[in-house]
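Keep in mind the model is a prediction, meaning the values are calculated, not measured.
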Amino acid sequence: MDIIKNRTLVYNALLAAIYVALTVVNPIGTMAIQIRVSEMLAVIPFFNRKYIPGIILGVGIANLFSGLGVMDVVVGVGIAVISYTISYFIKNAWVNDAQYSLLCGVFVGLMLWLVAGIPFWFSFVTITISTLITTFIGTFIFARIGDRILPALK
């Protein structure tokens, strides 16, 4: 049993590190027009809830580097917590991609409007669409080969 717990801890730490690395090296991973390749990993908890801590930790750390600092951490982690809570009741990964993307569009759009003065609707549309694209790609990948990448993903 301890081996399984340790293995899950290691996988969560790796997911967090990969999420951070993919976000930080991405030149267009923050602000109103963003394409976060790391969001492909955000769908993993829709397949297996034991990977929620790793993704939430990754989002929190990655958002520290955004330029909006703690505000972005609170919003990003809040979105993840709300989305993964909703996903407990919705078992379809594609529907969860949509609700996650909408939450990102609404809350990040509001944050950018309040903090940076970027028009809400512009941010909402660009962030929702880019997040839909990356999460759909992630769901497609993890639905096909996820069990080969992470244990018990399906």
Side-chain angles (χ1 to χ4, degrees), residues 1-31 33-112 115 127-154:
M1 191 60 135
D2 288 336
I3 292 173
I4 293 171
K5 287 181 184 177
N6 289 338
R7 189 172 287 168
T8 301
L9 180 66
V10 169
Y11 284 129
N12 274 291
L14 283 170
L15 283 173
I18 293 168
Y19 187 98
V20 171
L22 288 174
T23 302
V24 172
V25 301
N26 184 2
I28 54 172
T30 59
M31 297 310 278
I33 299 177
Q34 59 178 268
I35 299 175
R36 274 195 181 187
V37 176
S38 54
E39 291 294 343
M40 284 190 250
L41 300 177
V43 304
I44 291 173
F46 299 149
F47 293 98
N48 190 325
R49 301 188 65 74
K50 73 180 179 183
Y51 298 116
I52 290 174
I55 297 301
I56 289 177
L57 180 63
V59 168
I61 294 170
N63 286 2
L64 277 173
F65 296 97
S66 75
L68 296 175
V70 176
M71 172 77 79
D72 203 12
V73 172
V74 171
V75 170
V77 168
I79 291 167
V81 168
I82 293 167
S83 179
Y84 297 142
T85 301
I86 292 170
S87 75
Y88 180 80
F89 302 101
I90 300 171
K91 301 305 179 195
N92 184 307
W94 301 100
V95 174
N96 283 318
D97 289 349
Q99 60 92 0
Y100 178 80
S101 299
L102 283 171
L103 287 171
C104 286
V106 168
F107 288 110
V108 175
L110 282 172
M111 178 188 63
L112 291 174
V115 175
I127 290 167
T128 302
I129 290 172
S130 68
T131 306
L132 269 174
I133 292 168
T134 54
T135 57
F136 279 10
I137 291 170
T139 294
F140 179 78
I141 291 170
F142 289 110
R144 300 280 185 255
I145 62 169
D147 55 334
R148 289 183 242 163
I149 299 170
L150 288 168
L153 195 56
K154 286 188 175 180

Checking side-chain contact (heavy atoms from CB on, under 4.5 Å) against Trp94, which of Ile90, Asn96, Asp97 comes through?
Asp97

Heavy atoms only: give me the nearest Met111-Asp72 pair and the separation to one decimal.
CE-OD1, 3.3 Å

Taken in chain and number order and not counting sequence neighbours, the residues that satisfy ring-ring contact (aromatic ring centres under 6.0 Å, His included) with Tyr19 are none

Please report the closest heavy-atom contact between Val77 and Gly60, naming both atoms and the distance.
CG2-CA, 3.7 Å

Are the side chains of Thr131 and Val108 in contact, using a 4.5 Å heavy-atom criterion?
no

Assess whether side chain to side chain contact (heavy atoms under 4.5 Å, CB included) is satisfied between Leu68 and Val75, documenting all intermediate values.
CA-CA 10 Å; Leu68 296 175; Val75 170; over 6 Å; no

Taking the side chain as every heavy atom from C-beta outward, state whether Glu39 and Ser101 have any atom pair closer than 4.5 Å.
no

Hits for side chain to side chain contact (heavy atoms under 4.5 Å, CB included) against Val10, two or more places apart or cross-chain, chain-then-number order -> Leu14

What distance do Tyr51 atom OH and Leu15 atom CG have between them, rounded to the nearest 0.5 Å?
7.5 Å

Under the side chain to side chain contact (heavy atoms under 4.5 Å, CB included) test, which residues partner Ala16, sequence neighbours left out?
Leu57

With sequence neighbours excluded, what pairs up with Val24 under the side chain to side chain contact (heavy atoms under 4.5 Å, CB included) test?
Val20, Phe65

Pairwise distance CD1(Ile18) to OG1(Thr23) - rounded to 0.5 angstrom:
11.5 Å

Closest heavy-atom pair, Gly105 versus Thr128, reported as atoms and distance to 0.1 Å, is CA-OG1, 3.2 Å

Enter the distance from Leu132:CG to Leu102:CG here, rounded to the nearest 0.5 Å.
6.5 Å

Measure the spacing between CD1 of Ile44 and CG of Asn48 and express it to the nearest 0.5 Å.
10.0 Å

Closest contact, heavy atoms only, Val43 versus Gly138:
CG2-C, 3.6 Å

When every non-hydrogen atom of Pro45 is compared with those of Ala42, the smallest separation belongs to CD-O, 3.4 Å

Residue list, ring-ring contact (aromatic ring centres under 6.0 Å, His included) with Tyr84, at least two apart or on another chain
Phe46

Measuring from Thr135:OG1 to Leu41:CG, what's the distance to the nearest 0.5 Å?
12.0 Å

Under the side chain to side chain contact (heavy atoms under 4.5 Å, CB included) rule, collect the residues that match up with Leu103, sequence neighbours excluded.
Ile79, Ile82, Ser83, Ile86, Gln99, Phe107

Does Phe89 have Lys91 sitting over its ring (NZ/CZ under 6.0 Å from centre, angle to axis within 45°)?
no

Hey, does the side chain of Ser66 reach the backbone of Ala62 with a donor-acceptor pair shorter than 3.5 angstrom?
no

First locate atom SG of Cys104, then atom CZ of Arg36, and finally report the distance between them rounded to the nearest 0.5 Å.
8.5 Å

Is Asn26 reaching over with its side chain to a backbone N or O of Leu22, donor-acceptor style, under 3.5 angstrom?
no

